[in-house]
> 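Mind having a look at this structure? Questions to follow.
Note: hydrogens, waters and symmetry copies are ignored here, and every other heavy atom, side chains too, is used.
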Amino acid sequence: MHTTANRRDDVRNVAIIAHVDHGKTTLVDALLHQSGTFRVNQRVVERVMDSYALERERGITILAKNTAVEYAGVQINIVDTPGHSDFGGEVERTLAMVDGVMLLVDASEGPLPQTRFVLQKALSLGLPPIVCVNKIDRSDARVPEVLNEIYDLFIDLDASEEQLEFPVVYTNARAGLASRKLEEPADSLRPLFDLIVQTLPGPVGDEDGALQFQCNNLDYDNYVGRLAIGRIKNGRLKTAETFALCREDQAPRTVKVSQIYTWRGLERVAVDEAKAGEIVALAGIEDIHIGDTVGDLEDPRPLPAIRIDEPTIAMVFGANTGPWSGREGNYVTSRKLRERLFQEQRRNVSMRVEETGSPDALSVAGRGELQLAILIETMRREGYEMQVSRPTAITREVEGKRHEPIELLVIDLAEDYVGVVSQLLALRRGKMTKMVPAGSGRTRIEFRVPSRGLIGLRSRLLTETRGTGIMNALFDGWAPWSGSIQSRVNGSLVADREGVATPYSVFHLQERGVLFTAPGTRVYEGMVVGEYSRRSELNVNICREKKLTNMRASGHDEAVIITPRREMGLEAAIEWIAEDELVEVTPKSIRLRKRVLRQNERPKRRRDDDT
């Protein structure tokens, strides 16, 4: 635990930990409102911390963000952490900046795997927790049981005696209410504010010692350029002074800090000086990276580099080589794609970008399918065109044997579907480790399954459980290669020419499989237009028109009834494609295509790959 020397009483640095959709961003909204951060007449959007468009659409937090509120003369710096383990790189860096954590748990769902992931990191760092049971107004709230589950989770994660004696507060974040006892009436979040100030420690640091500031996150400002966000461990920072930039395996370099910012609500506020214990943003150091230390020029003392878990899934990103390349995007060359991906790697240390041997393609490794899909969607909205391959698991050699990443998979589903889901996971080399009834006719099952076995699992699980199954995965170490896993069973329907899909042709192709392409859609040779009902690939003419004669009119002999097509979004497309297929992504379209577009060249390529 912390020492009491040089502890600041006027600052609290807190990270909020919660599973996806348990209400942490809503709670931060309420804290900002009740602390008087916003003016009375100020218009504020809901979920104000989810400033990123994709976060609003998906209802999840992707990037760790900072805010600060004033309460009783204490500045409370709040960091909103992502709840999904795919964004674990953000979580680990965030926890290095804080002195305590607030664990937020849904009063009905209880602690879920992503809660476990972030909490495990926090407890191992010795951070003291506050437990906040949220959504107590839910009709299916089961507060005593959830509290028992939280205690079990803490014990399971080897929490210390001090950590096990955590204080509990009951909240309704949407209404902005909190109370220390469930039966007590509540009128504001004051009990929560009091709890943060009274039970969480202030930051420890020597204000008069040698400066130590570690960069934990990066941001960008159009006026001052790159911003390094982090916490001052020791010493003081002043604007317009020179300091030493320390990086692993490099000699310290002299740098100048042009501006220092702290937070007031969600706004950055420029200050002339900041002291040990504060979370600040520095401007003026353009080439600073995550993990670098800014130290005293005369006495530089670099802090240990930030270590994070390894990426587990890789995809190949390449410039769009389709026949319609450049029609819909602003950035279409491999040079622009390369610049953007290396820029992402500098900002996000949990992502790795590597050369592939081809000048037009790069391998991008991340913590999971979702993280890579978010990157693709972000780039697409920025105007990039690209093509991406099927995700593959990263392997490593351990004592001469091939090892692969293993995930802890937790599935919450209705009892009726336990058999079919167990069978589905067995095909993907999953081993059941635990099965417990979750109440009200539902069961929670835990599996250990290879990371590659999760590719494409989400859509299959939703199909098999009629949309009621909930799955959450968590990296669980490395294990010997478990053998081949059967990928997609069905083949694909591939367009054999360029043109426009016609209702007549679509109607006649429906019996061959499930179509992804609606009538009136432009297609090109080699574009995948549907899933074939058999294992093989079938080249089809989806542009065929009905032949008219003087004996046959255009609309009299049969009614064309077209089954709704299967909508292929980005994640569904990435999960679905086979090894010899790619997803073409542009700002306006997502298309599936064969690597080799020409029909007569594909058999030759397959023979070459087999030899």
> Can you sort out the partners of Trp324 under ring pair (Phe, Tyr, Trp, His ring centres under 6.0 Å), two or more places apart, ordered by chain and number?
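Per chain and number, Trp324 pairs via ring pair (Phe, Tyr, Trp, His ring centres under 6.0 Å) with Tyr524.
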> Going by side-chain contact (heavy atoms from CB on, under 4.5 Å), name the residues that satisfy it together with Tyr261, two or more places apart in sequence or in a different chain.
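side-chain contact (heavy atoms from CB on, under 4.5 Å) check on Tyr261 returns Val224, Leu227, Gln259, Arg268, Ala270, Ala281, Ala283.
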> For Arg534, check salt bridge (charged side-chain N to carboxylate O under 4.0 Å, His left out) against everything at least two apart and list the hits.
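Result, salt bridge (charged side-chain N to carboxylate O under 4.0 Å, His left out) vs Arg534: none returned.
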> Checking Lys401 now: which residues fulfil side-chain contact (heavy atoms from CB on, under 4.5 Å) with it, not counting sequence neighbours?
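Partners of Lys401 under the side-chain contact (heavy atoms from CB on, under 4.5 Å) test: His403.
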> Residues two or more places apart in sequence or in another chain: which of them pass salt bridge (charged side-chain N to carboxylate O under 4.0 Å, His left out) with Arg591?
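Arg591: salt bridge (charged side-chain N to carboxylate O under 4.0 Å, His left out) contacts with Glu328, Glu584.
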> Can you name the salt bridge (charged side-chain N to carboxylate O under 4.0 Å, His left out) partners of Arg522, sequence neighbours left out?
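So Arg522 forms a salt bridge (charged side-chain N to carboxylate O under 4.0 Å, His left out) with Glu498.
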> Going by side-chain contact (heavy atoms from CB on, under 4.5 Å), name the residues that satisfy it together with Glu525, two or more places apart in sequence or in a different chain.
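Listed in chain order: Arg598, Gln599.
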> Phe213: which residues meet the ring pair (Phe, Tyr, Trp, His ring centres under 6.0 Å) condition with it, sequence neighbours left out?
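Expected list: none.
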> Quiz question: by atom type and distance under 3.5 Å, do the side chains of Arg340 and Thr378 form a donor-acceptor pair?
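No, no side-chain donor-acceptor contact under 3.5 Å.
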> Taking side-chain contact (heavy atoms from CB on, under 4.5 Å) as the definition, give me every residue that meets it alongside Arg335, ordered by chain and number, with sequence neighbours left out.
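Result, side-chain contact (heavy atoms from CB on, under 4.5 Å) vs Arg335: Thr333, Glu339.
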> Applying salt bridge (charged side-chain N to carboxylate O under 4.0 Å, His left out), name anything that partners Glu537, two or more places apart in sequence or on another chain.
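Per chain and number, Glu537 pairs via salt bridge (charged side-chain N to carboxylate O under 4.0 Å, His left out) with Lys594, Arg602, Arg606.
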> Applying ring pair (Phe, Tyr, Trp, His ring centres under 6.0 Å), can you list everything that pairs with Tyr417, at least two apart in sequence or on another chain?
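Residues passing ring pair (Phe, Tyr, Trp, His ring centres under 6.0 Å) with Tyr417: none at all.
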> State which residues pass ring pair (Phe, Tyr, Trp, His ring centres under 6.0 Å) with Phe447; sequence neighbours excluded, sorted by chain then number.
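Listed in chain order: nothing, the list is empty.
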